[in-house]
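Accompanying notes for the structure given below.
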2 protein chains.
Amino acid sequence: MSSSSTPAAASHPPLASDVDLLRLDHQVCFSLHAASRAFGGVYRDALKDLGLTYPQYLVMLVLWEHGPQPVKVIGERLRLDSGTLSPLLKRLETAGLVTRERSAEDERSVVVRLTEQGSDLRDRALPVPLKILSATGLSVPEVLALQQLLGRITNALDQAH
Amino acid sequence: MSSSSTPAAASHPPLASDVDLLRLDHQVCFSLHAASRAFGGVYRDALKDLGLTYPQYLVMLVLWEHGPQPVKVIGERLRLDSGTLSPLLKRLETAGLVTRERSAEDERSVVVRLTEQGSDLRDRALPVPLKILSATGLSVPEVLALQQLLGRITNALDQAH
DNA sequence: CACAACTAAATTGTGCGCAACTCAATGACG
DNA sequence: CGTCATTGAGTTGCGCACAATTTAGTTGTG
């Protein structure tokens with residue numbers, strides 16, 4: 001708890017006051033919020049050619065990697081519910097990238113499947129990650145460390161929620 | 001750039017393929033996206049009592065910290081444009097937390113000011129940051145490091161954008 | 001078999017984020 | 001002084017996120 005390296009908030013005795021925390025908090029929540037939106041902006045640029053939004057890209061990644069799967073599974077992988085996925089998938093269907101059909105075994109379930117066009121789009125998506133990586137200015141090890149830290153936080157937050 | 005400390009992704013020869021990157025990318029963008037939403041969930045809980053959403057809370061933080069200021073300045077601090085702020089501020093005004101009035105010197109500018117009620121809300125917001133911090137399961141130094149890293153990334157991404 | 005509990009999608013409503021645009025006020029320049 | 005570019009807010013439109021609800025299909029139990 002030495003205060004010599006952090007000039008800000010250094011004018012206080014041992015115990016951090018609520019006021020300090022309110023300022024710290026400002027920076028933590030804000031920096032994550034801002035980073036998330038900054039990523040959104042760069043992805044938006046990179047995905048414009050493909051005609052995909054960022055969340056749509058996430059869904060396509062899941063489909064490219066794991067093949068046909070029900071909406072529920074996609075939702076579990078991306079932690080998104082049907083309220084978000086249903087309209088999103090409808091847009092992907094309208095764009096001709098996926099099909100949606102009721103499962104035969106369980107009529108409640110809707111299986112999402114890539115169309116030929118959807119599969120082909122993968123080739124054009126290949127250069128995207130490198131663009132993003134270079135835009136972050138991070139090294140690969142740094143990215144991995146960040147990933148790990150974020151994963152830890154997400155799990156902790158999900159449990160608290 | 002030795003990779004001995006990071007066992008993951010160590011099974012590859014020098015050059016990572018596009019396919020690898022596509023999977024890596026999946027995890028990077030997704031983990032940030034997920035972390036951001038996980039934070040949103042916890043803040044939602046913590047702010048429910050105050051009747052604030054997470055972005056509204058950010059605006060209130062700025063007002064508590066810096067006092068009355070034009071919409072433009074709030075937007076600069078939070079990197080939000082009028083398209084987001086105008087309706088948000090209107091909701092805060094309807095809730096009786098802020099007032100909005102045209103500046104006398106520059107009639108284009110609208111100054112946002114806390115009401116008595118808005119100022120008072122600060123006391124009830126004080127315990128929020130500690131709740132969030134403990135929900136993350138991170139130590140204060142870890143939070144500071146994360147903050148710094150995210151700041152670096154955001155700057156880099158904003159430049160690329 | 002009938003009925004209750006549960007599950008998967010979809011729908012509805014609210015709010016955020018952002019691009020594109022409008023409008024009024026300001027400032028710069030000839 | 002008049003004109004034109006710029007600036008600050010606001011509006012519109014679209015898509016995402018999420019809570020709450022609805023609908024239809026499934027499963028469990030008496």
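Naming: A, B, ... by sequence-line order, numbering from 1 per chain.
Between the CD atom of A:Gln56 and the C1' atom of C:dG17 there is a distance of 15 Å, rounded to whole Å. Atoms CG (B:Leu52) and P (C:dT14) sit 19 Å apart, rounded to a whole Å. Nucleotide C:dG17 holds its C1' atom 14 Å from the CG atom of B:Leu89, rounded to whole Å. Atom CD in B:Glu101 sits about 19 Å away from atom P in D:dG8, given to the nearest Å. Atom CG in B:Leu85 sits about 15 Å away from atom P in C:dG15, given to the nearest Å. Distance CG (A:Leu47) to P (C:dA19): 14 Å, rounded to an integer number of Å. We find that OH of B:Tyr57 is positioned 20 Å from P of C:dG15, with the value rounded to whole Å. Following rounding to the nearest Å, A:Lys72 (NZ) and D:dT26 (C1') show an atom-to-atom distance of 14 Å.
Side-chain proximity of A:Asp81 to the nucleotides C:dA25, D:dA9, D:dC18 is greatest for D:dC18. Each of D:dG15, C:dA19, C:dA10 was ranked by its minimum atom distance to the side chain of A:Val110; first place goes to C:dA10.
Between the base of D:dG15 and the side chain of A:Thr53 there is no donor-acceptor pair shorter than 3.5 Å. Contact annotation: side chain of A:Ser82 to base of C:dA10, donor-acceptor pair present below 3.5 Å.
Side chain of A:Arg102 to backbone of A:Arg108: a donor-acceptor contact under 3.5 angstrom is found. Using modelled atom types, one side-chain atom of B:Thr115 and one backbone atom of B:Gly96 make a donor-acceptor pair closer than 3.5 Å.
Ring pair A:Tyr54/A:Tyr43 is tilted by interplanar angle, where 30° to 60° counts as tilted.
Remark: A:Arg100 is in phosphate contact with C:dA10, judged by side-chain N or O atoms under 4.0 Å from OP1 or OP2. For B:Ser109 and D:dA9, the shortest distance from a side-chain N or O to OP1 or OP2 is below 4.0 Å. Contact between the side-chain N/O atoms of B:Lys90 and the OP1/OP2 oxygens of D:dT11 is found at a separation under 4.0 Å.
Using a 4.0 Å cut-off between charged side-chain N and carboxylate O, B:Arg152 and A:Glu142 make a salt bridge.
Positionally, the nearest nucleotide of DNA chain D for B:Glu76 lies more toward the 5' end than for the other of B:Glu76 and B:Lys48. The 5' end of DNA chain C is approached more closely, in terms of each residue's nearest nucleotide, by A:Arg37 than by the other of A:Arg37 and B:Glu105. Sequence order on DNA chain C of the closest nucleotides to B:Arg108 and A:Val71 puts A:Val71 first from the 5' end. If you find the closest nucleotide of DNA chain D to B:His33 and to B:Thr84, the one lying nearer the 5' end belongs to B:Thr84.
Of all the heavy atoms in B:Tyr57 and B:Ala125, the pair that sits closest is CE1-CB, 4.5 Å.
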